[in-house]
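What follows is a set of notes on a single structure, which appears directly below.
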Amino acid sequence: MKRRTQQSGMVAIFVVIFSTILVAIITVSFLRSMIQEEKQASNNNLSQSAYDSAVTGVEDGKRVIRAALQATGTAQQKAKNAIDNKSCSTIADAGIVAMGSETQIKSNGGVSLQNQAYTCVKITMNTNDVILNLTEGESVVVPLKAMSSFNTIDIQWMHRNNSDGGTAYIGGEATDLAAPTSGNYDKLPAKADWNIAAASLLRVQSILPTESSVSLNDLDSSVVTTNFLRPAAATSTAPPFNINLASMRATSTNTVTSLNAIACSTTKYKNGNYACNARLSKPDSAMVPSGSNVAYLRLTSLYRDTSVKITLAKDNSGSSTSIVQFDGVQPEIDSTGRADDVFRRVRSRVNVGFNGFTFPEYAVDISGNLCKNFYVTPDVADTIGESCTP
């Protein structure tokens with residue numbers, strides 16, 4: 001009996017030991033999990049704070065651009081020099097904030113809760129392109145002010161990583177880009193029948209005078225066109241669709257254009273590039289001059305939202321093509337923010353050259369029929385009828 005009691009005691013001791021070890025393992029695992037989650041939450045918080053710091057740098061960058069464009073005298077020259085120097089201390093060099101290796105971000109009480117700052121802000125006034133996110137049915141007017149003369153406008157749209165979203169998909173399991181077509185691209189379907197995987201239809205209106213100034217009468221002799229760019233096919237490779245604007249003038253009979261059937265590239269779309277591409281071109285003798293303030297492009301996205309990229313080029317009789325930069329139309333601000341030892345970088349475009357364009361999209365917006373009577377009478381005492389049948 002004594003031996004059995006000793007054996008039972010040893011079993012109890014082993015059970016207690018293993019139970020203690022098991023509890024210790026569970027406790028350590030739980031603590032480790034809590035520490036990792038707390039660290040992850042702290043990192044996410046610092047990352048967001050660093051991003052906020054970078055955005056603050058972007059906002060201060062806008063102040064520098066405004067000073068360079070609208071200020072006068074010494075303040076304007078100081079802002080321009082700061083931008084041209086391409087230094088990380090652009091904001092301080094422009095006199096927007098105090099000098100220092102970085103700009104601390106503090107609360108109203110003067111306290112920096114997470115040691116936040118933006119460490120580097122650079123501004124590029126002249127860019128190779130203009131990038132837009134277009135809302136369905138709303139128009140955007142783009143000033144075509146360039147650093148040198150140009151005669152080609154390259155328009156690309158449908159980008160899965162921008163406003164087009166990741167749900168749209170060209171090709172693959174999807175049907176045609178813009179079903180139903182049945183080969184008749186001039187016949188537009190109802191919005192409900194527009195394929196959800198299709199790119200948008202773009203309405204592109206251009207005013208491209210060859211002079212630096214223009215009157216209303218001069219517009220009749222300038223290239224004033226409207227082109228509809230309809231995605232019509234999905235192929236692996238789709239070169240730019242070329243549209244010659246040479247004969248499309250307001251005074252000519254060739255002012256009505258049919259819908260242009262654009263082939264869009266599935267390969268470009270899947271690789272994160274713009275799928276659809278159209279190119280408007282003018283002859284060498286009708287180039288838009290550099291610095292023009294009277295050349296514009298009006299873009300309207302139909303059927304869906306879309307992202308658009310516009311580039312300008314100088315094409316010398318097809319022998320050579322060179323990219324022409326926009327002149328202060330959409331500057332880019334590159335800002336790096338910090339929170340403790342976490343850094344975030346933000347690159348943002350500012351639509352500086354788009355200011356001042358307020359125009360109506362339409363005159364009347366109705367849900368039913370519209371009835372309008374028009375009377376011409378030599379006697380102001382005549383009674384105008386009130387009946388109207390749509």
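Numbers for residues simply follow the sequence, beginning at 1.
With Q330 contributing its side chain and N351 its backbone, the two residues share no donor-acceptor pair below 3.5 Å. Of the possible donor and acceptor atoms, one in the side chain of N85 sits under 3.5 Å from a partner among the backbone N and O of N81. Panel note: side chain S33, backbone S29; no donor-acceptor pair is recorded below 3.5 Å. Judged purely by atom type and a 3.5 angstrom limit, K191 uses its side chain to pair as donor or acceptor with the backbone of Y303. The backbone N or O of R304 lies less than 3.5 Å from a partner atom in the side chain of S301, making a donor-acceptor pair. The backbone N or O of P189 sits nowhere less than 3.5 Å from a side-chain atom of W194 that would complete a donor-acceptor pair.
Atom CD of E136 has more than 12 heavy atoms from other residues, nucleotides or ligands within 6.0 Å.
If you chain together hydrophobic residues whose side chains sit under 4.5 Å apart, Y51 and V121 fall into the same group. Taken together through direct or relayed side-chain contacts under 4.5 Å among Ile, Leu, Val, Met, Phe, Trp and Tyr, L245 and M287 form parts of separate hydrophobic clusters. When the side chains of ILVMFWY residues are joined at heavy-atom separations under 4.5 Å, either directly or via intervening members, F241 and L280 end up in a single hydrophobic cluster. Side-chain heavy atoms closer than 4.5 Å link hydrophobic residues (I, L, V, M, F, W, Y) into clusters, and following such links, possibly through other members, connects V346 to I83. When the side chains of ILVMFWY residues are joined at heavy-atom separations under 4.5 Å, either directly or via intervening members, V352 and I96 end up in a single hydrophobic cluster.
Residues F228 and L202 form no side-chain contact, since every pair of their non-hydrogen atoms from C-beta on lies 4.5 Å or further apart. Residues K86 and T124 are in side-chain contact: their nearest non-hydrogen atoms beyond the backbone lie under 4.5 Å apart. Contact annotation: the side chain of L229 never approaches that of L201 to less than 4.5 Å [non-hydrogen atoms, C-beta and beyond]. Between F343 and T119, some side-chain heavy-atom pair lies under the 4.5 Å cut-off. Put simply, the side chain of W157 reaches to within 4.5 Å of the side chain of I155, judged on heavy atoms. Residues E332 and K122 fail the side-chain proximity criterion, which asks for heavy atoms closer than 4.5 Å. Within the 4.5 Å cutoff, side-chain heavy atoms of K314 are placed close to those of S149. Residues N44 and L46 are not in side-chain contact: their nearest non-hydrogen atoms beyond the backbone lie 4.5 Å or more apart.
Under 4.0 Å is where a charged nitrogen must lie from a carboxylate oxygen, and between R349 and D129 at least one such pair does.
Shown are R344, E102, Q116, R338; of these, the side chain to side chain contact (heavy atoms under 4.5 Å, CB included) with S53 is made only by Q116.
Pairing each heavy atom of S236 with each of T267, the nearest pair is O-OG1, 3.0 Å.
Between H159 and Y274, the two ring planes are perpendicular [angle over 60°; tilted spans 30° to 60°].
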Exercise for the section: Give the C-alpha distance, both sets of side-chain angles, the deciding distance and a yes or no for side-chain contact (heavy atoms from CB on, under 4.5 Å) between F326 and N128. Expected result: CA-CA 6 Å; F326 284 90; N128 291 334; over 6 Å; no
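Side-chain contact check for N151 and D284: at least one donor-acceptor pair (N or O, by modelled atom type) lies under 3.5 Å.
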